[in-house]
Amino acid sequence: MTSSTFQSIPILDYSLSQGPQKPLFLNQLRHAIINVGFLYLKNHSVPASLVEEIKAYTPKFFELPQATKDKLRMANSQHFLGYSRLAAEITKGEVDQREQIDIGTEFECRYKEGDPIFTKLWGRSQWPDEADLPGFRAVVTEYFDSVATLSYRFLELLSESLGLAPDALNAFLRDPVDLCHRGKLVKYPAILPGSSDQGVGPHFDAGFLTFLLQVTDQPGLQVQNHKGEWIAASPIDGTFVVNIGKGLEAVTRNVALATSHRVLSPPVGSGPRYSIPFFQAISQHVRLSDYHLDFPPDVIELRNARGDTHVDSVNYSEFKTDYAGLANLIGRVKSHPDVAERHYPELFKKYYPNGMPLKASAY
Ligand SMILES: O=C(O)CCC(=O)C(=O)O
Ligand SMILES: [Fe+2]
C-alpha cells in the first residue's frame, strides 16, 4: 500500500470544540491524530496571562548562578526530577545540547521495599529556594495544573474524534494517587562553533499527550513524516504544539500516531531557544495490553489507509507487555544514565553494560 504523508502540521482552534462547530473540530482532530500525530492548538483554555508569566520566568531560572542550579541536580532524585546541565542527557546514543529542569505535578512517593521498582519513579520535585527566584514555584505549579486540566478535556475530545465514548480513555488516568505528570523548562543554547547541533535527538514521547509551549520564536523543532522527511514545527504565537506519545499509540493499536521529532540548536551567534513541554502521564499500574478499545470500522480504515511509517527513533516497545510505569522508567534510564547509575543500578547495568558512556560524563 502506498502511504500518504503530511508536509505541514495542522492548526486546530480549541474554541470550536465548545460550540456548534464541534463536529468540524472533531473531524480535523481525527485527521491530525491518525495521520500526523502533531497539531497546533490555538484559543486553548490556559490563561494568556499565566503563559506570559511562565515565559518570563524561564530565562530567569537559567540565569541563576550555576551553583544554585547544581543544588537541584537530577542525580539527587530517584524520581528523575531536577536540573540537568548542558549535555547531561542522551537521546539515541548522542548527547543533547540542552539544559533543563524537570518538574512533576504534586505527588507523594509511597514506594516501600518489595514494591515494583517503577513505583519509585514519581515523587516530589526539587525547587529553587523561594528567595532565589520568588514566585517561581507558584507560577510553575499553577501553569502545569492548568495544562493538566486542558489535557484531560482534550483527551475526551480525542476519544470522541475516534468514535469512542468521551470517557473511553479516562481509565488509564483513573487514579489520582497513581498519577504524576511531568513538565520541564528547557534552554537550547546557540550552536558553539565546531559543536553538535543536536538540541534533542530524534525520539518519541512516552505518555499519552504532550503539550509544548515554545517560549521564544526561534525555529528548531522538527517532526518526521512517514517518508522520513523532517517538517518544521516553528513557533506560532498563542498556540501549544500537541503530540501523541507511545503510550497512547500502543493503547489505540496504532490508530493514534506517535510521531518522531527532534530539535536542532539555534544557529551560531543567535540567542537561545526556550521551550516548556508538559507530558501527560498514564497511571503506573496500568498494563495497556489489558485493554481493548473497539474503534468503529471507518476509523480502522483510516488507520489502514495511512500505511507504514518509516521513521528514525528509539522506541517504547515495553508498553506492549509491561506496566506503563516500567516502560516509563526504562525511558528515563536510557536518557539519564548518571541518575540511573545512582538510583537504579540493576537497570543501569542492563541498559549500559559497558558502564557510563564517556560522552555523558560531563555531569
Ligand atoms: O523543546 C522542544 O521543542 C521539544 C522537546 C521535546 O520534544 C521533549 O523534550 O520531549
Ligand atoms: Fe519530545
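Ligands are counted one by one from 1 in listed order, and the atoms in each one are counted from 1 as well.
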Item to complete: Applying side chain to side chain contact (heavy atoms under 4.5 Å, CB included), run through H79 and W122 and close with a yes or a no.
Response: CA-CA 5 Å; H79 315 307; W122 291 343; 5.5 Å; no
Worksheet entry | Test item: side-chain donor near acceptor, R73 and Y83, under 3.5 Å | no
Worksheet, complete the sentence: Contacts for ligand 1, heavy atom under 4.0 Å, by chain and number, are R98, K184, Y188, H203, D205, L212, L221, H261, V263, R273, S275, F279
Fill in: Test: R287 cationic atom under 6.0 Å from Y323 six-membered ring centre, within 45° of axis
yes
Worksheet entry | NZ or CZ of K120 within 45° of Y111 ring axis and under 6.0 Å |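 Yes, K120 and Y111 form such a contact.
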Worksheet item: According to the interplanar angle, ranging from 0 to 90°, do the rings of H181 and F278 count as parallel (below 30°), tilted (30 to 60°) or perpendicular (above 60°)?
Response: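 Ring orientation, 0 to 90° scale: tilted.
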Practice prompt. Ignoring hydrogens and angles, tell me if any N or O in the side chain of Q126 forms a donor-acceptor pair with the backbone of L72 under 3.5 Å.
Written response: yes
Discussion item. Holding to salt bridge (charged side-chain N to carboxylate O under 4.0 Å, His left out), I want the full list of residues that pass it with R342, two or more places apart in sequence or in another chain.
Written reply: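 Partners of R342 by the salt bridge (charged side-chain N to carboxylate O under 4.0 Å, His left out) criterion come out as none, since no residue qualifies.
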Worksheet item: Is R332 paired with D102 through a side-chain N to carboxylate O contact shorter than 4.0 Å?
Response: yes
Worksheet entry | Sub-2.8 Å protein N, O or S atoms surrounding the Fe ion (ligand 2) |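 N, O, S partners closer than 2.8 Å: H203 NE2, D205 OD1, H261 NE2.
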Worksheet entry | Partner residues of K349 under the side chain to side chain contact (heavy atoms under 4.5 Å, CB included) criterion, sequence neighbours left out |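 K349 satisfies side chain to side chain contact (heavy atoms under 4.5 Å, CB included) with E346 once adjacent residues are dropped.
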